[in-house]
Amino acid sequence: MKSFIVSLVPQSVLNFYHPAFAYGGALICGFPSRGLVVIGVTGTKGKSTTVELIRAILTEAGHTVAVASTIRFAIGRDSEPNLFKMTMPGRAYLQRFLRKAVKAGATYAVVEMTSEGAKQFRHKGIALNALVFTNLAPEHIESHGGLEQYKQAKLSLAKHLEDSSKRPRIIVANADDPVGKEFLNTAVEMRVPFVLRDAEPYTADDKSVRFLWRGELFTAPLPGLFNLKNCLAALALSEALNIPKNVAKKALEHIGPIPGRAERVERGQKFAVIVDYAHTPDSLRALFETYKNKRMVCVLGSTGGGRDTWNRPEKGRIADEYCAVSILTEEDPYNEDQKTIVDEMAAGFARHKPRIIPERRAAI
């Protein structure tokens, strides 16, 4: 019903309504971002993990840190899960959260920023000190109208950093990604690239990453090459913020499990259980590649309704390639028929036939 109502409203009205709500919330809350060092994190993959890595480093450096991400909302040691089904909630929620952070004595806020949030101007009224870009891969294509529009929504966050009154403004970007170079063209005081070569020599397995950075050996108990890239993003920012290397090293060495991000479930079983949020073909392949030497039984509920229908058979093809057994189940169908979603995923299988167990708990 909400989608139907929104579809009747002219885009020009929405383009006024959304920023007005964001700025109105900032005004009512007293523009709380002005009292914080605010770091935005954007990209397709790795945003939530990078947010947590940055938080760990800043906390190790002695700062009280607020975090707003897909995973949770946290201020210092107080934390609650994000149950909104969206990374950047509307109705001026982020402004109220930042005001609460200021009152609690936080000095830093790390905010995960999405293309959907940018499209609805939910970043407006948040004065950025820094923006971190992880990577870009096809996602939300139907919502944005194409890959170029999706990219431009991400780049609008870099323009938002340019418009910030904070100084110095810092852009950190993955220069191995073609779009990273566009982020590094942002007109700010500090432009900080990072590349995988910065970590050579490195190893990444299903339990940890080990790498050399700035002449120092680093270890983080996070699996896969994708997490090594997330570590580099966080380290590049920490260096720009003048955080000592030994502080960042200690933070990464003691980072705890990140909920739903290649998270191990340990209940005394004799086999590994991994929970991951992979929701694009690229991230699903990267996850499976990390465990490719294991016999994998895969429960796939990584396709919600109402978006990115193009990638459903592709996810099926990837699971067919890597998994010994595949079970397809529901995520959140929204207003779409769940059977249609599962059937479109199943169409990608050729090597073996997946089992279909619609009820998610039963499938797991």
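Values below: every heavy atom of this structure, side chains too, minus hydrogens, waters and symmetry copies.
Counting heavy atoms of neighbouring residues, nucleotides and ligands inside a 6.0 Å radius, atom CZ of Arg351 exceeds 12 of them. Heavy-atom contacts from other residues, nucleotides or ligands closer than 6.0 Å to CZ of Arg361 number 12 or fewer. The number of heavy-atom neighbours closer than 6.0 Å to NZ of Lys250, taken from other residues, nucleotides and ligands shown, is 12 or below. When the shell of 6.0 Å around CZ of Arg264 is examined, it contains more than 12 heavy atoms from other residues, nucleotides or ligands. Remark: Lys181 NZ is packed, more than 12 non-hydrogen atoms of other residues, nucleotides or ligands lying under 6.0 Å away. A 6.0 Å sphere centred on NZ of Lys166 holds more than 12 heavy atoms belonging to other residues, nucleotides or ligands.
In this structure, Val110 is a member of the same hydrophobic cluster as Leu53, with clusters built from ILVMFWY side-chain heavy atoms closer than 4.5 Å. Placement of Tyr108 and Leu131 in two distinct hydrophobic clusters is found when ILVMFWY residues are connected by side-chain heavy-atom separations under 4.5 Å, directly or transitively. At a threshold of 4.5 Å between side-chain heavy atoms, the hydrophobic network of Ile, Leu, Val, Met, Phe, Trp and Tyr places Leu184 and Val172 in two separate groups. Cluster annotation: Tyr291 and Leu228 are assigned to distinct hydrophobic clusters (Ile/Leu/Val/Met/Phe/Trp/Tyr, side-chain heavy-atom contacts under 4.5 Å, transitive). A single hydrophobic cluster is not seen to contain both Leu36 and Ile243; linkage of ILVMFWY side chains at heavy-atom distances under 4.5 Å, directly or through other members, places them apart.
Separating the CZ atom in Arg55 from the CD1 atom in Ile255 is a distance of 8.0 Å, to the nearest 0.5 Å. We find the OG1-CE distance between Thr340 and Met345 to be 13.5 Å, quoted to the nearest 0.5 Å. The OG1 atom of Thr59 sits 9.5 Å away from atom CZ of Arg77, with the distance rounded to the nearest 0.5 Å. Atom-to-atom distance recorded for Thr186:OG1 and Leu157:CG is 10.0 Å, nearest 0.5 angstrom. Note: Leu235 CG to Asp198 CG = 10.0 Å, rounded to the nearest 0.5 Å. The structure places CG of Asn230 at 3.5 Å from OG1 of Thr50, a figure rounded to the nearest 0.5 Å.
No side-chain donor from either of Asn135 and Lys45 sits under 3.5 Å from a side-chain acceptor of the other. Between Glu112 and Ser48, the side chains place a donor N or O and an acceptor N or O closer than 3.5 Å (distance only, hydrogens not considered). In this model, a donor atom of one side chain and an acceptor atom of the other lie less than 3.5 Å apart for Thr203 and Arg210. A donor atom on one side chain and an acceptor atom on the other are found under 3.5 Å apart for Thr87 and Thr70. Side-chain contact of Thr329 with Glu359: a donor-acceptor pair under 3.5 Å is absent, judged by distance alone. Counting only N and O atoms by type, the side chains of Arg72 and Ser79 include a donor and acceptor under 3.5 Å apart. Between the side chains of Gln120 and Glu116, not a single donor N or O lies within less than 3.5 Å of an accepting N or O.
Looking at residues two or more places apart in sequence or on another chain, you find no side chain to side chain donor-acceptor pair (under 3.5 Å) involving Glu60. Partners of Arg317 under the side chain to side chain contact (heavy atoms under 4.5 Å, CB included) rule, at least two apart in sequence or in another chain, are Pro313, Glu314. Listed by chain and residue number, Glu266, Arg267, Phe271, Val273 satisfy the side chain to side chain contact (heavy atoms under 4.5 Å, CB included) test with Gln269 (two or more places apart in sequence, or in another chain).
For the pair Arg91 and Tyr93, the cation does not sit on the ring face, since its NZ or CZ is not both under 6.0 Å from the ring centre and inside 45° of the axis.
No donor-acceptor distance shorter than 3.5 angstrom exists from the side chain of Thr42 to the backbone of Lys154, with no hydrogens or angles considered. In this structure, Glu182 contributes its side chain and Leu155 its backbone to no donor-acceptor pair below 3.5 Å. Side chain of Asp177 to main chain of Leu136: a donor-acceptor pair is present (N/O by atom type, distance under 3.5 Å, no hydrogens or angles). Side-chain atoms of Arg122 never come within 3.5 Å of backbone atoms of Lys119 as a donor-acceptor pair (strictly under, hydrogens ignored). With hydrogens and angles ignored, the 3.5 Å screen pairs no side-chain donor or acceptor of Ser208 with any backbone N or O of Ala204. At least one donor-acceptor pair closer than 3.5 Å links the side chain of Asn82 to the backbone N or O of Ser69. Side-chain N or O atoms of Asp320 include one that pairs as donor or acceptor with a backbone N or O of His352 at under 3.5 Å. The backbone N or O of Thr219 lies less than 3.5 Å from no partner atom in the side chain of Lys249, so there is not a single donor-acceptor pair. The main-chain N or O of Pro223 is found under 3.5 Å from a side-chain atom of Asn227 such that the two form a donor-acceptor pair.
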side-chain contact (heavy atoms from CB on, under 4.5 Å) between Thr44 and Tyr150, intermediate numbers included: CA-CA 10 Å; Thr44 303; Tyr150 171 59; 2.7 Å; yes
Run the salt bridge (charged side-chain N to carboxylate O under 4.0 Å, His left out) test on Glu239 and Lys245 for me, step by step, so that the C-alpha distance in whole Å, both residues' side-chain angles and the decisive distance to 0.1 Å come before the verdict. CA-CA 7 Å; Glu239 186 175 53; Lys245 187 167 53 177; over 6 Å; no
Could you walk me through whether Tyr277 and Ser283 satisfy the side chain to side chain donor-acceptor pair (under 3.5 Å) test, starting with their C-alpha distance in whole Å, then the side-chain angles of each, then the deciding distance to 0.1 Å, before giving a yes or no? CA-CA 9 Å; Tyr277 187 70; Ser283 54; over 6 Å; no
Check step by step if salt bridge (charged side-chain N to carboxylate O under 4.0 Å, His left out) holds for Lys292 and Glu289. CA-CA 5 Å; Lys292 65 182 179 181; Glu289 188 68 21; 2.7 Å; yes
Derivation and outcome, side-chain contact (heavy atoms from CB on, under 4.5 Å), residues Glu52 and Val67: CA-CA 8 Å; Glu52 291 295 330; Val67 161; 4.1 Å; yes
Before you tell me yes or no, could you show the steps for Lys124 and Asp163 under salt bridge (charged side-chain N to carboxylate O under 4.0 Å, His left out), namely the whole-Å CA-CA distance, both residues' side-chain angles and the distance that decides it to 0.1 Å? CA-CA 11 Å; Lys124 295 297 184 181; Asp163 294 338; 5.4 Å; no
Salt bridge (charged side-chain N to carboxylate O under 4.0 Å, His left out) between Glu162 and Arg169: does it pass, once the steps are laid out? CA-CA 8 Å; Glu162 281 186 354; Arg169 297 159 299 174; over 6 Å; no
Could you give me the CA-CA distance, side-chain angles and deciding distance for Phe211 and Tyr202, then say whether ring pair (Phe, Tyr, Trp, His ring centres under 6.0 Å) is met? CA-CA 4 Å; Phe211 58 97; Tyr202 59 80; 8.4 Å; no
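Nearest heavy-atom pair, Glu336 versus Arg312, reported as atom, atom and distance to 0.1 Å: OE2-NH1, 2.8 Å. Between Ala22 and Phe121, the shortest heavy-atom contact is CB-O, 3.4 Å. Taking all atoms of both residues into account, the shortest heavy-atom contact from Ala286 to Phe226 is O-CE2, 3.8 Å. Here the shortest heavy-atom pairing between Phe194 and Lys229 reads CE1-O, 3.8 Å. When all heavy atoms of Ile57 and Ala251 are compared, the pair lying nearest together is CA-CB, 3.6 Å. Contact record, Ile75 with Ala106: CG2-CB, 4.5 Å, taken as the closest heavy-atom pair.
Ring pair His123/His160 is perpendicular by interplanar angle, where above 60° counts as perpendicular and below 30° as parallel.
For the side-chain contact (heavy atoms from CB on, under 4.5 Å) criterion with Ser33, the lone passing option out of Val111, Val38, Leu128, Val102 is Val38.
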